[in-house]
Undergrad: 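Shown below is the structure under consideration.
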Amino acid sequence: MRSDPSPQGLPIAQPQASLTIRWGLLRTLILLLAASGAALGQPFFPIDDVRPGQRAVGRTVFQGDTIEEFEVEVLGVLENFSGPKTSVIFGRLSGGPLERTGVMSGMSGSPVYIDGRLAGAVAFTYPFSKEPLAGIRPIGEMVAGFEEAAPSDAPAIALVLEDWKEQAGLSTPTRQWTGIGAPAGDRLHPIATPVSMAGFSEDTLQVFQDRFRALGLRPLQGAGGRLREQASGDPTNSVEPGAMISVGLIRGDLTMNASGTVTHVEGSRIFAFGHRFLSAGATSLPMMRATVMALVPNLNSSFKLSASGPQIGAVTLDREAGIAGELGAEPSLVPVSFGVQASGGRNTAYSMEIVRDAQLTPLLLQVALFSVISATEPSFAPLTVRVRGGVRFANGLPDLALDDIYAGAGVSQAVSLSTAAPLAYLMRTGHSDVVIDSINLDVESSGADQYSDLVRAWCAKGQVRPGESVEIRFASKGPDGSEHLHSVPYRVPVSLPAGPVEVTISDALTANLERWRGLLAGRKARDAASTIRFLNSLRGSDRAYVRFWHRKRSIWIHSDRLPAPPASLHAVLSTLPGRGGGAMAGPSTTLEDRIVDGFPGVVRGRVDLRFVVTGS
């Protein structure tokens with residue numbers, strides 16, 4: 001190498017040689033780093049290398065939006081924890097406020113690092129534990145599950161329809177909750193997800209708290225407002241492991257947000273929670289920044305009291321191993337409006353958006369509708385409520401009408417449940433073209449229990465020949481005890497064979513039960529439009545329904561009934577191929593249906609009678 005003397009007599013390398021040496025050193029350094037990376041393997045800490053006694057570091061937010069560290073002592077690994085080939089790292093947490101609070105709701109997803117590499121997310125705990133003991137979901141399970149984009153492997157939630165079936169007498173009551181929020185303290189449970197509910201009535205939590213807890217949610221009334229939007233800057237830039245996020249369920253005049261912790265950020269994708277949220281599978285829920293306002297110690301399970309900030313993206317997957325979202329993605333929400341006219345004459349308009357999901361949308365509609373009614377009316381006072389409006393769909397589908405009237409004490413529950421049930425059924429059918437455009441309902445209340453009870457019925461004569469007419473009479477009684485008489489003439493078909501004819505005079509619930517039983521037992525409409533037309537044909541509660549029928553089997557094809565089919569057709573449709581094509585035998589045949597209106601409120605009850613058709 002040629003050199004020239006320096007003023008101090010030292011050689012000075014020429015620029016070309018200097019660059020060559022520096023490039024060689026840089027290349028060597030790159031190779032060493034590559035070799036080091038290869039020796040380290042994957043960036044995550046392998047579950048197979050986890051050993052008792054290892055020390056780890058976790059990250060979470062205890063106050064504001066500052067991420068702090070806590071310590072983890074690894075106690076062991078539980079194999080086949082929630083199924084084959086699943087594991088959970090069992091550890092004892094310490095540091096910060098954890099000795100005072102224990103493992104908190106809102107810590108779900110807090111990342112845990114062993115030797116500087118991500119091992120998993122705090123996701124499980126023991127209720128009522130006196131120590132901060134936690135189960136840590138291995139990060140490999142979280143990432144692998146979402147990369148496969150498999151559907152949710154958790155039990156589906158069909159709460160609205162199941163509750164409605166119970167209320168309608170179509171199923172046996174089941175009030176022993178066995179969901180992930182069950183309070184048993186002898187096994188690890190997913191950490192309950194705190195859900196802040198602002199704008200909801202106090203009665204809402206009391207009525208729905210068991211349902212929320214069965215889903216692993218911890219409702220907090222009036223907790224966690226909304227943070228002011230930042231004036232400038234991209235809110236997604238500050239999202240990092242250990243930060244708090246909120247998942248939106250309802251926003252607008254009512255807000256419902258669930259909070260948890262970010263586990264891992266991979267490009268624009270975020271992994272969080274470490275356990276399922278609502279088992280929604282593929283979904284689209286608002287994802288927002290969050291900040292912790294306070295820590296609330298609790299004997300059962302302490303929690304973070306948090307507030308939601310600006311939207312940063314959307315949660316796109318919700319599975320057993322946690323949730324995943326995309327930064328910058330826009331969630332798909334359903335516009336909902338309620339116009340409420342209270343019994344005192346006060347009018348209130350509510351506007352909000354709820355998540356678009358086959359299972360969650362009906363449930364959230366039920367909760368929101370109950371809240372806006374109970375916020376303006378006494379909880380247990382006699383009340384009559386009329387609902388008008390419905391659901392609009394895209395793709396040219398007809399509107400789903402949700403009109404009906406309800407009466408009684410504590411009627412808000414019946415109103416919200418029965419209004420949401422038809423939508424829940426429609427969403428459960430799985431028709432791919434059911435896309436909700438908007439939900440608009442007007443609710444009118446009066447401070448009186450307006451009803452008419454069906455009390456007795458009789459025939460003008462007990463025997464009738466084919467072609468003759470018979471008059472059916474029945475009486476209804478109102479709240480003041482006065483009776484009103486009603487008359488329905490019926491002409492016996494000339495072709496009707498001799499024998500008894502049954503007459504049922506009933507309210508809407510009884511009139512609809514036969515059709516509901518068939519549908520809930522497996523009969524399905526051919527397509528979404530047929531399902532909506534069927535739901536729109538269900539009886540309203542302010543009328544009486546007179547059914548003339550006899551005990552001859554009929555045939556249902558999907559949601560359509562064929563009364564008194566020919567014997568040959570009945571034989572064909574009753575075969576296995578016929579049943580496979582949607583045919584199902586009915587226990588009776590309806591000769592004619594009549595509607596009697598003119599009632600001031602809800603019609604209740606049922607009366608039965610019969611007359612005999614004699615030979616001609």
Side-chain angles (χ1 to χ4, degrees), residues 60-65 67 93 96-98 100-110 121-129 132 134-135 137 179-183 189-200 202 204-206 208-227 242-251 254-263 272-280 285-309 315 318 322-323 325 355 360 363-364 367:
T60 197
V61 175
F62 293 124
Q63 183 65 46
D65 55 8
I67 299 174
L93 313 187
L98 293 175
R100 177 172 58 94
T101 64
V103 179
M104 293 175 285
S105 296
M107 285 190 70
S108 296
S110 298
V122 174
F124 307 91
T125 190
Y126 287 105
F128 304 103
S129 175
R137 172 84 69 181
I180 62 176
H189 283 268
I191 300 171
T193 304
V195 178
S196 61
M197 301 174 63
F200 289 85
E202 294 182 4
T204 304
L205 262 70
Q206 296 179 7
F208 292 97
Q209 61 181 347
D210 285 342
R211 279 309 196 195
F212 285 131
R213 289 171 180 168
L215 295 172
L217 305 180
R218 184 173 190 160
L220 305 174
Q221 172 63 26
R226 181 171 178 81
L227 294 175
M244 288 288 291
I245 58 170
S246 285
V247 180
L249 296 174
I250 303 177
R251 68 185 185 188
L254 304 180
T255 61
M256 184 185 297
N257 300 317
S259 299
T261 304
V262 175
T263 306
F273 283 27
H275 56 68
R276 65 183 182 263
F277 174 40
L278 288 172
S279 308
L285 313 176
M287 181 170 59
M288 298 155 287
R289 290 180 55 202
T291 187
V292 177
M293 296 188 294
L295 305 181
V296 182
N298 187 280
L299 293 177
N300 179 0
S301 175
S302 301
F303 59 91
K304 297 180 180 182
L305 189 63
S306 62
S308 299
V315 174
D318 173 14
I323 65 173
V355 299
L360 298 180
L363 174 62
L364 297 175
V367 174

Undergrad: Would you compute the distance between atom CZ of Phe273 and atom OG1 of Thr261 and round it to the nearest 0.5 angstrom?
TA: 8.0 Å

Undergrad: Would you say the side chain of Phe277 lies within less than 4.5 Å of the side chain of Leu285, judging by non-hydrogen atoms?
TA: yes

Undergrad: Going through the checks in order, is the side chain to side chain contact (heavy atoms under 4.5 Å, CB included) test met by Arg289 and Val262?
TA: CA-CA 10 Å; Arg289 290 180 55 202; Val262 175; over 6 Å; no

Undergrad: Does any non-hydrogen side-chain atom of Phe212 lie less than 4.5 Å from one of Met256?
TA: yes

Undergrad: Looking at residues at least two apart in the chain, or sitting in another chain, which of them share a salt bridge (Lys or Arg N to Asp or Glu O under 4.0 Å) with Arg251?
TA: Glu353

Undergrad: Looking at Ser129 and Tyr126, would you say the former's side chain and the latter's main chain have a donor-acceptor pair under 3.5 Å?
TA: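 Absent.
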
Undergrad: Can any side-chain N or O of Asp318 pair as donor or acceptor with the backbone N or O of Ser279 at less than 3.5 Å?
TA: yes

Undergrad: Using side chain to side chain donor-acceptor pair (under 3.5 Å) as the criterion, list what pairs up with Thr125, not counting sequence neighbours.
TA: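 Once residues adjacent in sequence are excluded, Thr125 has no partner under the side chain to side chain donor-acceptor pair (under 3.5 Å) criterion.
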
Undergrad: Thr263: which residues meet the side chain to side chain donor-acceptor pair (under 3.5 Å) condition with it, sequence neighbours left out?
TA: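 Partners of Thr263 by the side chain to side chain donor-acceptor pair (under 3.5 Å) criterion come out as none, since no residue qualifies.
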
Undergrad: Ignoring hydrogens, what is the shortest heavy-atom contact between Ala258 and Thr193? Give both atom names and the distance.
TA: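 That closest heavy-atom pairing would be CB-CG2, 3.7 Å.
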
Undergrad: Would you sort out whether Met107 and Leu93 count as a side chain to side chain contact (heavy atoms under 4.5 Å, CB included), showing the intermediate values?
TA: CA-CA 12 Å; Met107 285 190 70; Leu93 313 187; 4.1 Å; yes

Undergrad: Verify, without hydrogens or angle tests, whether Thr101 (side chain) and Pro97 (backbone) share a donor-acceptor contact under 3.5 angstrom.
TA: yes

Undergrad: Just jot down the side chain to side chain contact (heavy atoms under 4.5 Å, CB included) partners of Val292, sequence neighbours excluded, or say none.
TA: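 Testing Val292 for side chain to side chain contact (heavy atoms under 4.5 Å, CB included), a comparison that skips the adjacent residues, returns Val61, Met244, Leu295, Lys304.
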
Undergrad: Just by modelled atom types, is the Pro219 backbone N or O under 3.5 Å from a matching donor or acceptor in the Gln209 side chain?
TA: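 It does not hold such a pair.
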
Undergrad: Can you find a heavy atom in the side chain of Pro286 that is under 4.5 Å from one in the side chain of Val355?
TA: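 Sidechains of Val355 and Pro286: in contact.
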
Undergrad: Sequence neighbours excluded, which residues qualify as ring-ring contact (aromatic ring centres under 6.0 Å, His included) partners of Phe124?
TA: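 Once residues adjacent in sequence are excluded, the partners of Phe124 under the ring-ring contact (aromatic ring centres under 6.0 Å, His included) criterion are Phe81.
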
Undergrad: Got a sec, which residues hit side chain to side chain contact (heavy atoms under 4.5 Å, CB included) with Ser108, two or more places apart in sequence or on another chain?
TA: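 Partners of Ser108 under the side chain to side chain contact (heavy atoms under 4.5 Å, CB included) test: Ile191, His275.
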
Undergrad: Is the shortest heavy-atom distance from the side chain of Val247 to the side chain of Met287 under 4.5 Å?
TA: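 With C-beta onward as the side chain, the pair stays apart.
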
Undergrad: Can you confirm whether Leu249 sits close enough to Asn257 that some side-chain heavy atom of one is under 4.5 Å from a side-chain heavy atom of the other?
TA: no

Undergrad: Taking side chain to side chain contact (heavy atoms under 4.5 Å, CB included) as the test, write out the residues that go with Ala192, two or more places apart.
TA: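 Side chain to side chain contact (heavy atoms under 4.5 Å, CB included) list for Ala192, sorted by chain: Ser105, Arg218.
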
Undergrad: Please name the pair of heavy atoms, one in Leu220 and one in Pro194, separated by the smallest distance, quoted to 0.1 Å.
TA: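 Scanning both residues completely, I find the closest heavy atoms to be CD1-CB, 4.0 Å.
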
Undergrad: Which residues satisfy the side chain to side chain donor-acceptor pair (under 3.5 Å) test with Ser259, sequence neighbours excluded?
TA: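 With sequence neighbours excluded, Ser259 shows a side chain to side chain donor-acceptor pair (under 3.5 Å) to Ser246, Ser306, given in chain and number order.
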
Undergrad: Can you find a heavy atom in the side chain of Arg276 that is under 4.5 Å from one in the side chain of Leu215?
TA: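 A side-chain contact under 4.5 Å is absent here.
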
Undergrad: Restricting to non-hydrogen atoms, name the atom on Gly199 and the atom on Leu254 that form the minimum distance, rounded to 0.1 Å.
TA: O-CD2, 3.1 Å

Undergrad: Just do the side chain to side chain contact (heavy atoms under 4.5 Å, CB included) check on Leu278 and Leu217 with the steps written out, would you?
TA: CA-CA 9 Å; Leu278 288 172; Leu217 305 180; 3.7 Å; yes

Undergrad: Listed by chain and number, what are the ring-ring contact (aromatic ring centres under 6.0 Å, His included) partners of Phe208, not counting sequence neighbours?
TA: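 Once residues adjacent in sequence are excluded, the partners of Phe208 under the ring-ring contact (aromatic ring centres under 6.0 Å, His included) criterion are Phe370.
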
Undergrad: Could you go through Met104 and Leu98, starting from their C-alpha distance and side-chain angles, then the distance that decides it, and tell me whether this counts as side chain to side chain contact (heavy atoms under 4.5 Å, CB included)?
TA: CA-CA 8 Å; Met104 293 175 285; Leu98 293 175; 4.2 Å; yes

Undergrad: Applying side chain to side chain donor-acceptor pair (under 3.5 Å), run through Asp65 and Thr291 and close with a yes or a no.
TA: CA-CA 5 Å; Asp65 55 8; Thr291 187; 5.2 Å; no

